[in-house]
Asker: 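Below you'll find the structure I mean.
All chains are named by letter (A, B, ...) in the order of the sequence lines, taking the proteins before the strands, and each is independently numbered beginning at 1.
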Protein chains: 2
Amino acid sequence: MALMAPTQQVKRRATNQGAAVKEALAAEDTFRSAQDVYATLRASGEKIGLSTVYRHLQIFVDDGLADVIHKPDGESTYRLCGDASTTHHHHLVCRSCGKAVEIEGPAVETWADKVAAQHGFSDVNHTVEIFGLCTTCAAS
Amino acid sequence: MALMAPTQQVKRRATNQGAAVKEALAAEDTFRSAQDVYATLRASGEKIGLSTVYRHLQIFVDDGLADVIHKPDGESTYRLCGDASTTHHHHLVCRSCGKAVEIEGPAVETWADKVAAQHGFSDVNHTVEIFGLCTTCAAS
DNA sequence: TGACATAATGAAAATGATTCCCGATAAGAC
DNA sequence: GTCTTATCGGGAATCATTTTCATTATGTCA
């Protein structure tokens, strides 16, 4: 019961910066790091601070608008998701360009829950990410 | 073809520090961070530097002796594994104490490969970790 | 066994992502 | 328009991890 509905929105002001961050993410279907988004925005002349980028990315995650993937090197990458609040899904991610495809695996969900239950674990969740090279990147 | 066999050992000297790090990991069946292992070793009077701990943990991973899990907060945790070189497996991890159980899911492996293939991804691998609270931690 | 080449070590400095701080700014309410 | 306060943002602070490099210790070979 420790989890609250991700759709539980908090009163939030509309700001240019917030919109800019969302647009930057929406512009591509790839997982992007905060540093990357920040650099892109600044490069396009946007007036925004690094802290603000981090703040909004975290807000998106809290509101269930974006998914996060923690890369092996420790960097966090974000991507907007269609309707994360209602659809639990995973990703097939290109480890070269970051392009991602949302995938579902009902069987995996039930398997995970069953395994956890067998070992007496409660309050379970899981992470499943598939990495590979997309056709474009594999060509180069 | 970029991957080499994890069992491909490199000439390596036997040192007290290396043994100490391995012992520290072997002492518990939980995923532990480098900082944690370092603190434990120093507390027990071991003469070892932080860099050395990091070095050996990485070596274990390279040699297929240990598995890594990158926690959401960015910290990497390590655990020795029975025979990682021959058995591909995943983990059911207690998010409170780090205790882990090795699990297998052949169905998940095939599913992952199939999904990747359907989208034209090559050179595929995946991460599957199940997090929860073990019975002990759930009680407190 | 003794000398040597060099892998391993570790203290300190460097790195890099992320968070914190706090005075300045601007969104929304009245 | 005025006011309240959420939001900004630049810079300092954290923190895990990596790098540097002079010192130490291991395995080898004579």
Side-chain angles (χ1 to χ4, degrees), chain A residues 8-25 30-63 65-79 93 95 98, chain B residues 8-25 30-63 65-79 93 95 98:
Chain A
Q8 184 64 48
Q9 295 271 349
V10 178
K11 177 173 62 178
R12 206 148 266 165
R13 288 183 183 174
T15 67
N16 297 353
Q17 290 86 344
V21 174
K22 184 177 287 189
E23 271 177 41
L25 273 193
T30 64
F31 276 85
R32 307 179 61 197
S33 70
Q35 302 283 350
D36 182 22
V37 170
Y38 173 68
T40 300
L41 288 174
R42 294 297 288 229
S44 69
E46 200 70 37
K47 186 180 182 316
I48 192 171
L50 182 55
S51 321
T52 305
V53 173
Y54 274 101
R55 224 170 284 160
H56 282 286
L57 289 176
Q58 190 51 56
I59 287 172
F60 295 157
V61 173
D62 292 344
D63 289 355
L65 296 175
D67 281 342
V68 206
I69 283 186
H70 304 284
K71 293 198 305 177
D73 67 5
E75 202 175 34
S76 297
T77 55
Y78 306 80
R79 201 190 91 146
V93 189
R95 82 168 66 83
Chain B
Q8 184 63 49
Q9 294 271 352
V10 178
K11 178 174 62 177
R12 205 148 267 163
R13 288 184 183 174
T15 67
N16 297 353
Q17 291 86 343
V21 173
K22 184 176 287 188
E23 271 178 40
L25 272 192
T30 64
F31 276 85
R32 307 181 61 197
S33 70
Q35 301 283 350
D36 182 22
V37 170
Y38 172 68
T40 300
L41 288 173
R42 295 296 289 226
S44 69
E46 200 71 36
K47 185 177 182 320
I48 193 172
L50 182 56
S51 323
T52 305
V53 173
Y54 274 101
R55 255 184 309 243
H56 282 287
L57 289 175
Q58 190 51 56
I59 287 173
F60 294 158
V61 173
D62 292 345
D63 288 355
L65 295 176
D67 282 342
V68 206
I69 285 187
H70 304 285
K71 294 198 305 179
D73 67 5
E75 203 175 34
S76 297
T77 56
Y78 306 79
R79 201 190 92 146
V93 189
R95 83 168 67 81

Asker: Using 0.5 Å steps for rounding, measure from the OH atom of A:Y78 to the OG1 atom of A:T30.
Answerer: 14.0 Å

Asker: Grab the CZ-P distance between B:R32 and D:dA16 for me, whole Å please.
Answerer: 15 Å

Asker: For B:Q58 and C:dT9, what is the distance between atoms CD and C1' respectively, to the nearest whole Å?
Answerer: 17 Å

Asker: Strictly below 4.0 Å, heavy-atom distances to any atom of DNA chain C: list the hits from residues 43-52 of chain A, or just say none.
Answerer: A:L50, A:S51

Asker: Give the minimum heavy-atom separation between A:L41 and A:A24, together with the two atoms involved.
Answerer: CD2-CB, 3.9 Å

Asker: Whole-Å distance between C:dT25 P and A:R55 CZ?
Answerer: 16 Å

Asker: Starting at CD of A:E75 and ending at P of D:dT18, how long is that distance when rounded to a whole Å?
Answerer: 14 Å

Asker: Tell me the interatomic distance from A:R13, atom CZ, to D:dC3, atom P, rounded to whole angstroms.
Answerer: 16 Å

Asker: Reckon B:Q35 has a side-chain N or O less than 4.0 Å from the OP1 or OP2 of D:dC15?
Answerer: no

Asker: Please pick, from C:dA8, C:dG28, C:dT19, the nucleotide with the shortest atom-to-atom distance to any side-chain atom of A:Y54.
Answerer: C:dT19

Asker: For a quick test of reading the model: is some side-chain N or O of B:S76 closer than 4.0 Å to OP1 or OP2 of D:dA16?
Answerer: no

Asker: Please find the pair of heavy atoms, one from A:T40 and one from A:R32, that lie closest to each other, and give the distance.
Answerer: OG1-NH2, 2.6 Å

Asker: How close do B:T15 and B:G18 get, counting heavy atoms only, and between which atoms?
Answerer: OG1-N, 3.1 Å

Asker: May I ask you to verify if any side-chain N or O of B:H56 is less than 4.0 angstrom from the OP1 or OP2 atom of C:dT9?
Answerer: yes

Asker: In whole angstrom, give the distance that lies between atom CG of B:L57 and atom C1' of D:dT17.
Answerer: 12 Å

Asker: May I have the distance from A:R42 (atom CZ) to D:dC8 (atom P), rounded to whole angstrom?
Answerer: 14 Å

Asker: May I ask you to verify whether the side chain of A:R12 and the base of C:dG28 hold a donor-acceptor pair under 3.5 Å?
Answerer: no

Asker: Please test B:Y38 against B:E46 for side chain to side chain donor-acceptor pair (under 3.5 Å), starting from the C-alpha separation and ending with a verdict.
Answerer: CA-CA 9 Å; B:Y38 172 68; B:E46 200 71 36; over 6 Å; no

Asker: Which heavy atom in B:V68 sits nearest to a heavy atom in B:S76, and how many Å separate them?
Answerer: CG1-CB, 4.1 Å

Asker: Does A:Q17 make a side-chain N or O approach to OP1 or OP2 of D:dG9 shorter than 4.0 Å?
Answerer: yes

Asker: Could you measure the distance from the CD atom of A:Q35 to the CD atom of A:E75? Nearest 0.5 Å is fine.
Answerer: 7.0 Å

Asker: Atom CD1 of B:I59 and atom C1' of C:dT9: how far apart are they, to the nearest Å?
Answerer: 11 Å

Asker: Think A:S33 has a side-chain N or O under 4.0 angstrom from the OP1 or OP2 of C:dA17?
Answerer: no

